[in-house]
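Inspection log for the structure reproduced underneath, given as structure tokens.
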Amino acid sequence: MSEEPARIPADEELETVAELSKRRGFFFPASRAYGGVAGFYTYGPEGASLKRNIEDSWRDLFVTQEGHMEISAPDVMPEPVFEASGHLDGFDDMIIECPACDSSHRADHLVEDATRIEEAESLPIPEVEALIAEYDLDCPVCGEALTDVPVEEFNLMFETNIGPGTSSPGYLRPETAQGIFVEFPQLKQYARNQLPFGVAQVGTAWRNEISPRRALVRVREFTQAELEHFIDPETDEPPLERVADVELTLYPADEQEAEDGGEASDASRTSSDGSDGTYLTMTVREAVEENVIASDWVAYYLGLARDWYDRVGLDMDRFRYRQHLSGELAHYAADCWDAEAELGGDWVEITGFAYRSDYDLSKHGTHSDEEFTLFRQYDEPQRVERATVDPDMSVLGPEFGGDAAAVADALRDLVEHDPDAFDGETVSVEVDGEAHEVDTAVADFSREEVTESGEHITPHVVEPSFGIGRIVYSVLTHAYGRDTVDGEERAYLDLPAEVAPTTVGVFPLMDKDGLGERAREVEADLRGAGFAVTYDDSGNIGRRYRRQDEVGTPYCVTVDYDTLEDDTVTVRERDSTDQARVPVAELPATLTALRAGTTAIDDL
RNA sequence: GCGCCGUUGGUCCAGUGGUAGGACAUUAGCUUCCCAAGCUAAUAGCCCGGGUUCGAUUCCCGGACGGCGCACCA
């Protein structure tokens with residue numbers, strides 16, 4: 001029997017998991033034969049399987065159960081995509097490094113602090129350098145003069161060239177989301193132009209991090225599972241009743257600020273001990289009613305995801321939802337909560353839940369030639385008065401020459417925003433800073449009643465964005481445990497059967513007297529039934545159980561001498577180490593029931 | 001990017017200016033009919049590049065990688 005489960009001390013926990021991961025093949029630094037490269041990891045046989053199972057579980061919930069569609073878009077996208085999304089602008093951070101104390105600072109922020117300039121980020125680098133010299137700016141840490149210290153760019157995007165030459169720059173996507181947003185014009189057709197609909201993607205994202213850290217936590221290439229749920233902000237409501245009773249552990253912004261005197265920007269690194277007692281534990285319903293979570297949609301996903309984390313094996317006592325502080329919000333986000341897991345005493349973000357409003361679709365609508373809107377029909381067509389112009393080009397052409405087309409566009413633009421400007425004999429429009437007078441008659445201004453059957457709207461986006469690698473790492477860490485079985489310590493992973501890399505180990509008690517041959521037959525049967533099976537005939541039976549315990553295999557089947565007599569085998573359960581004897585013919589059904597939780601080992 | 005510390009079989013460690021040893025793991029054999037047993041044997045290592053030296057895994061410099069701190073983290 002197993003007894004005395006012991007939690008690993010926090011300061012040993014991550015070392016232990018790293019050691020296990022390398023030794024048993026969950027994950028390890030990539031390209032080690034060539035010295036390794038920071039921020040890249042290879043998932044070994046156990047890890048790749050665990051990761052895939054977690055992804056499949058995510059798909060089952062967020063695609064199959066929730067009824068959304070999944071796509072697979074390219075990793076490389078052309079430059080204009082990221083000009084539109086804001087990632088290029090927002091990410092050419094200007095860094096200046098103090099020559100005296102080696103501290104790094106955002107050069108644009110130093111300039112903004114010292115001057116009245118508000119958007120120094122948009123200034124060219126030579127200009128920022130000139131401003132630093134002009135204002136004699138000093139290092140905020142040590143006071144060293146920064147004049148003539150070069151300002152350098154940090155771009156966190158991986159750049160590449162599409163095709164030969166450099167004329168067509170591309171970037172590896174920093175989030176899978178853009179691959180969904182960019183295809184919205186196609187995707188909306190597949191959704192038959194009906195809101196709401198959700199598009200999911202599980203794929204690779206890339207960020208050229210300055211300093212990769214902490215195993216799978218901060219890496220340069222990682223897997224995201226993202227859902228972009230497109231909604232009509234005026235009419236669509238989430239099915240809150242489905243998750244209303246789910247209990248959440250919430251760490252709202254005001255609690256974070258109260259805790260450390262307003263300097264809570266580093267709250268994601270706050271250790272668990274300082275945070276006790278400041279969490280709010282309440283149901284989704286209560287959180288919405290008391291407005292702890294501002295967005296019903298975000299609240300819905302917090303509830304939905306909470307049970308999923310539990311399902312894939314996170315320890316819910318080491319889990320919380322933390323609201324972003326206002327200064328922490330991304331450029332696109334209106335409100336954002338992170339799911340965080342506690343690892344080795346630190347809290348790590350594993351999912352971001354953001355209400356992105358219409359930010360992304362509007363940006364792509366403006367920058368591209370496609371429509372990133374949907375047509376929403378009114379219940380009843382409406383009669384509305386509309387002011388229009390139909391400029392007479394045969395007059396404008398001779399009068400304005402090359403500017404004529406621009407003048408006509410300006411007139412059309414004006415009539416939309418200010419039809420009253422056409423009340424007089426003439427109307428004035430500005431083209432390239434030059435004012436032009438046009439006869440109202442030439443513009444052919446008119447007001448007419450038209451029938452509008454609907455309007456174009458830009459959907460809002462609710463985005464749960466899961467970091468799969470971090471979740472794999474968190475699940476491994478939370479699953480790791482040690483206990484004592486028959487006086488011998490063992491290490492095990494209490495992974496849920498759904499995500500465990502191997503579902504069943506098959507062993508001959510000894511590899512002789514035909515037991516091995518019989519065990520091979522059992523193995524083949526189980527593989528045929530679709531189970532992930534490991535066969536092991538090396539070492540004594542206890543050693544083989546321990547091997548499987550250590551990688552989280554939930555069940556082991558042993559062929560012994562009784563099997564040769566009556567065609568039964570023992571089934572041994574990982575967590576309890578209890579055994580039951582089962583007819584070989586019933587093994588697939590029994591294992592399926594055990595995995596689904598509809599049968600317990602004690603009932604066999 | 002900066003600073004401090006580190007890097008020795010698959011894993012975890014010891015050690016040395018004269019090319020290294022243990023534990024565990026792995027493989028083979030013996031033994032054992034259900035929880036890391038025992039015996040025998042085998043496989044397998046000094047991060048990379050330069051320097052000092054007759055000789056460098058060891059000392060020095062640089063780099064890569066890792067841990068922590070600073071900065072960064074859309």
Side-chain angles (χ1 to χ4, degrees), chain A residues 1-2 11 14-16 18-25 28-40 44 82 85-93 95-106 141 152 154-157 174-175 177-178 205 207-215 217-220 266 268-269 328-333 336 344 346 349 352 354 356 359 465 484-492 507-513 515 538-550 556-564 569-572 574 577-579 581:
Chain A
M1 278 303 297
S2 93
D11 56 345
L14 297 185
E15 283 176 44
T16 306
E19 188 269 326
L20 173 71
S21 295
K22 272 186 282 190
R23 188 164 46 77
R24 295 305 305 270
F28 51 89
S31 305
R32 211 173 71 153
Y34 292 92
V37 51
F40 295 91
F82 301 110
S85 71
H87 285 109
L88 274 179
D89 274 357
F91 272 8
D92 275 346
D93 286 350
I95 301 288
I96 189 166
E97 195 173 307
C98 173
C101 71
D102 292 325
S103 61
S104 289
H105 307 279
R106 286 278 295 269
V141 172
E152 309 207 348
F154 263 139
N155 191 340
L156 295 177
M157 301 260 280
E175 55 173 0
Q178 294 306 323
R207 296 178 191 176
N208 204 358
E209 295 286 353
I210 297 165
S211 177
R213 283 289 161 89
R214 299 167 71 193
V217 173
R218 198 194 310 180
V219 289
R220 291 182 164 132
D266 207 20
S268 62
R269 291 193 182 166
E328 192 181 354
L329 290 173
H331 60 262
Y332 52 71
C336 188
D346 290 323
E349 174 192 350
R356 294 178 79 135
Y359 180 90
S465 171
T484 304
V485 179
D486 292 344
E488 299 280 354
E489 185 176 83
R490 69 164 178 165
Y492 63 94
F507 317 141
L509 184 58
M510 290 183 296
D511 193 13
K512 62 180 188 183
D513 301 329
L515 294 183
S538 173
N540 75 46
I541 196 71
R543 178 180 294 270
R544 284 175 266 167
Y545 285 142
R546 294 308 206 289
R547 278 195 194 110
Q548 294 307 311
D549 288 342
E550 200 179 29
C556 291
V557 165
T558 300
V559 170
D560 58 17
Y561 285 98
D562 289 353
T563 310
L564 302 182
V569 291
T570 60
V571 175
R572 179 262 198 186
R574 177 195 64 211
T577 74
D578 288 346
Q579 288 180 306
R581 191 158 271 281

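The basis for the numbers below is simple: all heavy atoms, side chains too, and nothing from hydrogens, waters or symmetry mates. A note on names: the letters A, B, ... follow the listed sequences, proteins ahead of strands, and every chain is numbered from 1. Because the structure is a prediction, the values reported are computed rather than measured.
No donor-acceptor contact under 3.5 Å links the side chain of A:R214 to the base of B:G66. The base of B:C34 sits with one of its N or O atoms less than 3.5 Å from a complementary donor or acceptor on the side chain of A:D560. Taking 3.5 Å as the limit, the base of B:C72 and the side chain of A:R207 contain no donor-acceptor pair of atoms between them. One N or O donor and one acceptor, one from the side chain of A:R572 and one from the base of B:C35, sit under 3.5 Å apart. Counting atom types as modelled, A:T577 pairs no side-chain N or O with a base atom of B:C35 as donor and acceptor under 3.5 Å. For A:E488 against B:C35, no side-chain N or O and base N or O form a donor-acceptor pair under 3.5 Å.
What separates CZ of A:R544 from C1' of B:C33 is a distance of 11 Å, to the nearest Å. Nucleotide B:C68 holds its P atom 12 Å from the CG atom of A:D11, rounded to whole Å. Spacing between atom NE2 of A:H87 and atom C1' of B:C73 amounts to 12 Å, rounded to whole angstrom units. Taking atom CG of residue A:D549 and atom P of nucleotide B:A36, one finds them 11 Å apart after rounding to whole Å. As rounded to whole Å, 17 Å separates atom P of B:C72 from atom CD of A:E349. The CD-P distance, from A:Q548 to B:A36, rounds to 15 Å in whole Å. Whole-Å rounding puts the A:K22 NZ to B:C65 P distance at 15 Å. A:M157 places its CE atom 15 Å from the P atom of B:C73, with the value rounded to the nearest Å.
Within the shown strands, B:A23 is the pairing partner of B:U11 under the Watson-Crick or G-U definition, both distances less than 3.5 Å. In this structure B:C54 sits in a base pair with B:G18, meeting the Watson-Crick or G-U test at under 3.5 Å. Across the strands present, B:C2 finds its partner in B:G69; the criterion is a Watson-Crick or G-U wobble pair with both atom distances under 3.5 angstrom. In this structure, B:C39 forms a base pair with B:G29, meeting either the Watson-Crick or the G-U wobble geometry with both donor-acceptor distances under 3.5 Å. Using the Watson-Crick or G-U wobble rule with both distances under 3.5 Å, B:C34 pairs with nothing in any strand shown. Partner assigned to B:G49 is B:C61, using Watson-Crick or G-U wobble distances below 3.5 angstrom.
The same atom, C1', is picked in B:A14 and in B:U8; the two are 9 Å apart, to the nearest Å. Spacing between B:C4 and B:C54 at atom P, rounded to whole Å, works out to 32 Å. B:C65 sits 34 Å from B:A23 when the P atoms are compared, rounded to a whole Å. Look at the P atom in both B:A25 and B:C12: the space between them is 15 Å, to the nearest Å. The separation of B:C35 from B:A42, taken at their C1' atoms, amounts to 27 Å, rounded to a whole angstrom. Of the C1' atoms belonging to B:C46 and B:G17, the separation is 14 Å, rounded to the nearest Å. Nucleotides B:U43 and B:A20 have their P atoms positioned 16 Å apart, rounded to a whole Å. When the C1' atom is compared between B:A44 and B:A28, the two are found 15 Å apart, to the nearest whole Å.
Here the side chains of A:P508 and A:R544 are in contact, with some heavy-atom distance below 4.5 Å. Within the 4.5 Å cutoff, the side chain of A:R547 has heavy atoms near those of the A:R24 side chain.
Nearest to the side chain of A:R546, among B:C65, B:U27, B:C35, sits B:C35. Each of B:C65, B:C34, B:C2 was ranked by its minimum atom distance to the side chain of A:R213; first place goes to B:C2. Comparing B:C12, B:C34, B:A71 by their closest approach to the side chain of A:L509 singles out B:C34.
Using a 4.0 Å heavy-atom criterion, one finds that A:E489 contacts the bases of the nucleic acid, with or without backbone contacts as well. At a threshold of 4.0 angstrom between heavy atoms, the contacts of A:R547 are confined to the sugar-phosphate backbone, with no base atom among them. Nucleic acid contact class of A:Q579 (heavy atoms, under 4.0 Å, all strands): base. The residue A:A491 sits close to a base: some heavy atom pair falls under 4.0 Å.
Donor-acceptor pairing under 3.5 Å is recorded for the side chains of A:S211 and A:R213.
Under the 6.0 Å distance and 45° angle rule, A:R490 counts as a cation-pi partner of A:Y492.
A:V219 approaches A:E209 most closely through the heavy-atom pair O-CG, 3.7 Å.
Judged by closest nucleotide on RNA chain B, A:R581 is the one of A:N540 and A:R581 placed further toward the 5' end. Nearer to the 5' terminus of RNA chain B, by closest-nucleotide assignment, is the contact made by A:M510 (compared with the other of A:P212 and A:M510).
The neighbour count for A:R581 CZ, taken as heavy atoms of other residues, nucleotides or ligands under 6.0 Å away, is above 12.
Between A:R543 and the phosphate of B:A37, there is a side-chain N or O to OP1/OP2 separation shorter than 4.0 Å. Using a 4.0 Å cut-off, no side-chain N or O of A:S211 falls inside it from OP1 or OP2 of B:C73.
Atom CG in A:N540 sits 11.5 Å away from atom CE in A:M510 (nearest 0.5 Å).
Salt bridge status for A:E488 with A:R546: absent, with no side-chain N to carboxylate O gap under 4.0 Å.
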